[in-house]
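For reference, the structure discussed in these notes is given below.
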Number of protein chains: 2
Amino acid sequence: MKYSASEENYIKCIYHLQEQHEQVSAGMLAEAVQTKAASVTDMLKKLQQKKTVNYRPYQNFTLTETGNRIALDVIRKHRLWEFFLVDKLGFRWDEVHDIAEELEHISSPVLIQRLDNYLNNPAFDPHGDPIPDNRGKIKIIRQANLTELNLKQTYSVSAIKDQSSQMLDLLQHYGIQLGTKLKVQRRFEFDGSLEIKIDKQPVATLSEQVAKNIYCTL
Amino acid sequence: MKYSASEENYIKCIYHLQEQHEQVSAGMLAEAVQTKAASVTDMLKKLQQKKTVNYRPYQNFTLTETGNRIALDVIRKHRLWEFFLVDKLGFRWDEVHDIAEELEHISSPVLIQRLDNYLNNPAFDPHGDPIPDNRGKIKIIRQANLTELNLKQTYSVSAIKDQSSQMLDLLQHYGIQLGTKLKVQRRFEFDGSLEIKIDKQPVATLSEQVAKNIYCTL
DNA sequence: AATAATATTTAGGCGAACCTAAAAATAAAC
DNA sequence: GTTTATTTTTAGGTTCGCCTAAATATTATT
Ligand SMILES: [Mn+2]
Ligand SMILES: [Mn+2]
Ligand SMILES: [Mn+2]
Ligand SMILES: [Mn+2]
């Protein structure tokens, strides 16, 4: 079955919302796809027809198995293209999202397969998010937020939640990127700020707001 | 001004039709964009509004200067992506057209600029067609059809008009690709067939139908 | 020049994806 | 358990890109 770019965006959004919330409502989805609730209702009825979503009026809804599969496929494309843009074309990671948002709808499976090979089958995108393989399988890594790490133990940065240019700017200032090894020296109760140490760099202090966006492998 | 994928396709088609015919009519355009004449009329009115086409009801039409510029931009994107698909992802040239037909509508100028650099600013696509630069300038090469070449003189293959897999198949069989050096030994009046010689290969005979699709630099 | 053949435009309609405003259902507050 | 507030759906409308059928303009033929 064929899906329009719009349908793919809705499906992908539902998937992401399900990752973060127990229940997904029409309002949340409207917010996420940047549209109005009335439009969401229209789309939900269409997606239900196509059996990609389990939906009953006024109830919360979920993706069906096929819906899940489609979401993973779009996410795979999105993240592979992001990887390409950063790794091959030299974009910074705060520049790639919008472009990948368009590229993810190119509908050639063989293109994606070849792109994947060309990039040496990366398992994670430039933001540290996992790239599903061609069967929709995701490599799960045990990771924890910087705020939850054991003190004085060395960890490796694995993902950044906030992907804005402001965040990138800040991370560059601190010399932090994916793969950076660091340890948390201490945590201040007062504001939740963290004192961190990176090899060959002076000790630095991160606000809790920043720390909450940084994840490390366990 | 923003242009939809559909508008871009129409504009590009008009450009290509203008390359081959003195006059471009609604019927020709309908055929080229695979739609009905009534739809072409609708679109022509819209494109006229946007000042990309010089159009008056029942008359033949032409692209305006802006129309031309847009066409060259889309063609640039199309051919750069084709080059990428063949050169980097290893596609054959009969496989890339449909994918490029989608990719050409991705709307990030910086993406195309970076792609161009990444590919080392190629001047020709995998079919030998010129790639406009970022100002819309095309590198024109003097070329002639195989059927018009001087006999017993060596030329270099520069472009193939028919881009079907059947043609690729045939060319591969004869060991012909872009850049291949060859000379025409003789031409048979009866059917227009050509006897050609390629270094280190036995003499081969090409039908006029094939020869008409092959161009060489002068 | 009149008529026949062909090309093009208009008229009216359809599906997709969006919108606003009003109605209806659910959830929260009293 | 009502009443109120919030969420969701329905109703009706818009734009885009397409369609068929009918009307009209252009071009070709006699
Ligand atoms: Mn998207
Ligand atoms: Mn990402
Ligand atoms: Mn196209
Ligand atoms: Mn080409």
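Values in this document were obtained by computation on a predicted structure and should not be read as measured data. Residue numbers start from 1 in every chain, and the chains themselves are labelled A, B, ... in the order their sequence lines are given, proteins ahead of strands.
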Side-chain polar contacts of residues 207-218 of chain B - donor-acceptor pairs under 3.5 angstrom, sequence neighbours left out - could you list them?
residue: B:S207; atom: OG; partner: B:V210; partner atom: N; Å: 3.2
residue: B:N213; atom: OD1; partner: B:D162; partner atom: N; Å: 3.2
residue: B:N213; atom: ND2; partner: B:Q209; partner atom: O; Å: 3.0
residue: B:T217; atom: OG1; partner: B:S156; partner atom: O; Å: 3.4

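The existence of a salt bridge linking A:E101 and A:K77 is excluded, since no basic side-chain nitrogen approaches an acidic carboxylate oxygen closer than 4.0 Å. The pair B:E82-B:R79 fails the salt-bridge criterion, with no side-chain N (NZ, NE, NH1 or NH2) lying under 4.0 Å from an Asp/Glu carboxylate O. A salt bridge between B:K50 and B:E7 is present, with a side-chain N of the basic residue lying under 4.0 Å from a carboxylate O of the acidic one.
Side chains of B:H97 and B:H78 form a contact here, defined as non-hydrogen atoms less than 4.5 Å apart. In this structure the side chain of B:E148 never reaches within 4.5 angstrom of the side chain of B:V184, judged on heavy atoms. Side-chain contact between B:K137 and B:P132 is absent, with no heavy-atom pair separated by less than 4.5 Å.
Rounded to whole angstrom, the span from the CG atom of B:N60 across to the P atom of D:dT26 amounts to 12 Å. Rounded to whole Å, the distance from CE on A:M43 to C1' on D:dT8 is 17 Å. Rounding to whole angstrom units, CZ of residue B:F61 and P of C:dA7 are separated by 14 Å. Whole-Å rounding puts the A:K2 NZ to C:dA16 P distance at 13 Å. Protein atom CG of A:L44 is 12 Å distant from nucleotide atom P of C:dC18, rounded to whole Å. As a whole-Å value, the separation of A:Q49 CD from C:dA16 C1' is 14 Å.
The residue A:T35 sits close only to the backbone: its heavy atoms come under 4.0 Å of sugar-phosphate atoms, none of a base.
Within the structure, every side-chain polar atom (N or O) of B:S6 is placed at least 4.0 Å from both OP1 and OP2 of D:dC16. Under 4.0 angstrom from either OP1 or OP2 of D:dC18 there lies no side-chain N or O belonging to B:K36.
The number of heavy-atom neighbours closer than 6.0 Å to CD of A:E19, taken from other residues, nucleotides and ligands shown, is above 12.
The side chain of A:Q59 sits closest to C:dT26 out of C:dC18, C:dT26, D:dC18.
Sorted by residue number, the list of members of residues 9-21 of chain B with any non-hydrogen atom under 4.0 Å from DNA chain C is empty. Contacts of residues 22-31 of chain B with DNA chain C (heavy atom under 4.0 Å): B:S25, B:A26, B:G27.
If you find the closest nucleotide of DNA chain C to B:V40 and to A:A5, the one lying nearer the 5' end belongs to B:V40.
Sorted by first and then second residue, the pairs that involve residues 112-124 of chain B and meet side-chain hydrogen bond (donor to acceptor under 3.5 Å, both in side chains), not counting sequence neighbours, are A:Y118-B:Y118, B:R76-B:Q113, B:R76-B:D116, B:Q113-B:N134, B:D116-B:N121, B:N117-B:N121.
For the side chain to side chain donor-acceptor pair (under 3.5 Å) test, residues two or more places apart in sequence or in another chain that qualify with A:T64 are A:T66.
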Are there any protein N/O atoms within less than 3.5 Å of an N/O atom in nucleotides 10-13 of chain D, and if so, which ones and at what distance?
residue: D:dT10; atom: OP2; partner: A:K45; partner atom: NZ; Å: 3.0

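Ring geometry for A:F61 versus A:Y55: interplanar angle over 60°, hence perpendicular rather than tilted (30 to 60°).
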